[in-house]
Amino acid sequence: MKKKVYQILEKYIDEKIILEKPKDAKFGHFATPIAFSLAKKLRKSPMIIADELVNKIIDEPNFKEVTAIKGFVNIKLSSEFLDEYSSYALKNENKFGKSDKNKKILLEYVSANPTGPLHIGHARGAILGDTLYQIARHLGYEITSEYYINDAGNQIEMLGNSVFLVGQEEILNLSPQFPDEFYRGEYIKDLASKTAQKFGETIFEDKKNIEKISNFAKDEMLELIKLNLQSVNIEFDGFVSEKEMFKKWNNSLTKLEKNSAVYTKDDKLWLKSSECGDEKDRVVVRDNGQPTYLAGDVIYHDDKFKRNYDQYINIWGADHHGYIARVKSAIKFLGYDESQLEVILSQMVSLLKDGEPYKMSKRAGNFILMSDVVDEVGSDALRFIFLTKKSDTHLDFDIEMLKKEDSSNPVYYINYAHARINQVIAKSGKNIESLSDVKFSSLDESAENLLFNALLLPEVLEDVFNQKAPQKLADYLKTLAGSLHKFYNSHKVIGADNEDELLKLLATVAVSIRVGLKLIGIQAKYKM
RNA sequence: GCGCUCGUGGCUCAAUUGGAUAGAGCAACAGACUUCGGAUCUGUAGGUUAUAGGUUCGACUCCUAUCGAGCGCGCCA
């Protein structure tokens, strides 16, 4: 819709135009502050320039009204314009907002270590990632999601050790010494008993078995993580193993050497990351010959870029922010364009329950399990609440709020709007196909505003994806639902003179709500 | 100490990325049901945008300093 307005305006104004949503709906549908930026150049007052522009555009048939107010040029679209668009939305729900993008994107997210179940912080990144994924798909991008499994390194060994010791304690009734940094929590006990089931209790008698236990425990944890993700409707296109990656280490290393990106000092291999904006150089191979965690990411990103996408997006926990410079410098040293990688940080989450800090479950060890929260409030509410906030700010929320069934719970509020519409349409006995051919001719101002807001969905989605700001979609849906409720209270639809028109309007609103919710990962309700 | 992120009504968050009178929800108070589902709606109240300067037609947004919060500053992952 915006695109079309741009095209029209290009005919009249030979300048770069910025279209905005007016502060107040009564000004019009679109506005541009173009007169302000021209003011300096033309050495005239913005008000006069705006007036002149208005005179130039005023006869455009697609615009019902063009006005200049305090230097802003405001545009109101014609009903024919809105009508055509609304019919399109009704007939092409799944393509509403889709356009040819011709862009391949690789999205990496979650990538939590397979050493335990997902906690609430992981959930935020996961939901953010999946929502961006769904939106990108809907908009027409070719996007692939990937989970990087950290299955190398000593945290896996630590997992195996933890299971081994707990097995000794719980199953063999020994009293082993637990070092401080071992994994705790109920899930380790579960793992121990599963291990005993699979390999027999004697496996805990010999330390030599730890490697076997590690591997088994890691696979089990990965399955558990997948289940956690499924509980909020997330599936990945692919999984990549760090261990597998290391087989390609020599390739990446050769590349780094060729680009003189590494040097040896104190028997260790260093990456010259400080040359690319990092605070200092980083070790990639230890003096014992073991590659570091960074090496894994060097190979992984080499591998990613070899696969030749147009854009790479990583979603990391906020505690990784110091890591960005390192990885970007590695990408540059490997000979790629590091600006193709965008890293989004997802901030910490603190949960409240009745105003008090949420009690961490014993099962979890020392963090809040994602599955506990999903069990308590459900996937829909959790997904929605995580998306109502910018990902880079801390988030506090009270779990009790999500259980309420009134306007304080946005999911109910939005679903109720959708259900209301469908009840009205059902009651009218009309079907959507016949409604989509109705022409708008007698909508009043509030009806037209509602229609316009509903048709704004594609713009919102583009915005959300470009800025990686899903809170705008959540906000949009709340506002749209609010406008609908308001409209509903002031207009009787069934039996009105323009009943069919109003039904078409409502059906259009329902499309936007339904599509918006679907992209957030929520199935809209037809009845409540 | 250094770096990154952030600071907006009592609470949780917005603000079209430098634009029009800083907006929503919750909580509070006052109203609307012989209804196309009141799981809703209408209204009132609440702000020196942490503080102090600066940049310009114009600042919550950009710059500088100060205060405060979180995170990072491993050859852990």
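Below, chains carry the letters A, B, ... as their sequence lines are ordered, and counting in each starts from 1.
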Between [N] and [M], how many Å separate the two [atom1] atoms, rounded to a whole number?
| N | M | atom1 | result |
| --- | --- | --- | --- |
| rC29(B) | rU51(B) | C1' | 34 Å |
| rC2(B) | rG46(B) | C1' | 41 Å |
| rG54(B) | rA69(B) | P | 28 Å |
| rU17(B) | rG31(B) | C1' | 40 Å |
| rU56(B) | rC71(B) | C1' | 36 Å |
| rA22(B) | rC60(B) | P | 9 Å |
| rC13(B) | rG72(B) | C1' | 26 Å |
| rG47(B) | rG10(B) | C1' | 13 Å |

From [atom1] of [X] over to [atom2] of [N], roughly how many Å is that when rounded to an integer?
| X | N | atom1 | atom2 | result |
| --- | --- | --- | --- | --- |
| Lys468(A) | rU16(B) | NZ | C1' | 17 Å |
| Leu294(A) | rC73(B) | CG | P | 14 Å |
| Phe36(A) | rA20(B) | CZ | C1' | 8 Å |
| Ile156(A) | rC76(B) | CD1 | C1' | 13 Å |
| Tyr6(A) | rU16(B) | OH | P | 14 Å |
| His491(A) | rU42(B) | NE2 | P | 13 Å |
| Leu484(A) | rC41(B) | CG | P | 10 Å |
| Leu387(A) | rC13(B) | CG | P | 14 Å |

Looking at the side chain of [X], which of [options] is the nearest nucleotide?
| X | options | result |
| --- | --- | --- |
| Lys486(A) | rU42(B), rG37(B), rU17(B) | rU42(B) |
| Glu279(A) | rG37(B), rC73(B), rA14(B) | rC73(B) |
| Asn489(A) | rC41(B), rG3(B), rA77(B) | rC41(B) |
| Lys280(A) | rA20(B), rU16(B), rC73(B) | rC73(B) |
| Lys427(A) | rG37(B), rA14(B), rA77(B) | rG37(B) |
| Lys472(A) | rA15(B), rA77(B), rA14(B) | rA15(B) |
| His485(A) | rC57(B), rC41(B), rA77(B) | rC41(B) |

With side chains defined as the heavy atoms from C-beta onward, is the minimum distance between Val54(A) and Thr67(A) less than 4.5 Å?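 They are not in side-chain contact.
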
With a 3.5 angstrom cut-off on both distances, give the Watson-Crick or G-U wobble partner of [N], or none if there isn't one.
| N | value |
| --- | --- |
| rA69(B) | rU5(B) |
| rA52(B) | rU64(B) |
| rG19(B) | rC57(B) |
| rC29(B) | rG43(B) |
| rC76(B) | none |
| rG38(B) | none |

Please check if atom [atom1] in [X] has more than 12 non-hydrogen atoms from other residues, nucleotides or ligands closer than 6.0 Å.
| X | atom1 | answer |
| --- | --- | --- |
| Asn466(A) | CG | yes |
| Glu157(A) | CD | no |
| Glu211(A) | CD | no |

Side-chain donor/acceptor of His321(A) to base of rG3(B), under 3.5 Å: yes

Interatomic distance, Glu108(A) atom CD to Asp297(A) atom CG [nearest 0.5 angstrom]: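 That separation rounds to 7.0 Å.
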
Looking at Phe465(A), does the NZ or CZ of Lys468(A) lie under 6.0 angstrom from its six-membered ring centre and within 45 degrees of the ring axis? yes

Taking for each residue the nucleotide of RNA chain B with the nearest heavy atom, is it Pro33(A) or Leu19(A) whose nucleotide lies nearer the 5' end?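 Mapping each residue to its closest nucleotide by heavy atoms, the 5'-most match is Leu19(A).
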
More 5' along RNA chain B: Gly153(A) or Phe30(A), using each one's nearest nucleotide?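 Its nucleotide being nearer the 5' end, the pick is Phe30(A).
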
Applying a 4.0 Å non-hydrogen cut-off, can you work out what [X] is touching in the nucleic acid: base, sugar-phosphate, or nothing?
| X | value |
| --- | --- |
| Ala31(A) | base |
| Gln471(A) | sugar-phosphate |
| Asp266(A) | nothing |
| Lys525(A) | nothing |
| Asn74(A) | base |
| Gln155(A) | sugar-phosphate |
| Lys390(A) | sugar-phosphate |

If you measure from the ring centre of Phe72(A) to the centre of the six-membered ring in the base of rA20(B), is it under 5.5 Å, with the planes under 30° apart?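 Stacked: ring centres under 5.5 Å, planes under 30°.
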
Check whether any side-chain N or O of [X] sits under 4.0 Å from OP1 or OP2 of [N], and answer yes or no.
| X | N | result |
| --- | --- | --- |
| Tyr413(A) | rC41(B) | yes |
| Tyr148(A) | rA77(B) | no |
| Tyr488(A) | rG37(B) | yes |
| Arg326(A) | rG74(B) | no |

Mind checking whether Tyr109(A) and Tyr147(A) have ring centres under 6.0 Å apart?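 No; Tyr147(A) has its ring centre 6.0 Å or more from that of Tyr109(A).
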
Take Leu461(A) and Leu457(A), measure what side-chain contact (heavy atoms from CB on, under 4.5 Å) needs, and give me the verdict at the end. CA-CA 6 Å; Leu461(A) 294 178; Leu457(A) 178 77; 4.0 Å; yes

I would like to know whether Asp500(A) and Lys504(A) meet salt bridge (Lys or Arg N to Asp or Glu O under 4.0 Å); could you show each step before the answer? CA-CA 6 Å; Asp500(A) 283 0; Lys504(A) 179 180 177 184; over 6 Å; no

Syn or anti conformation of rU55(B), syn meaning chi within 90° of 0: anti

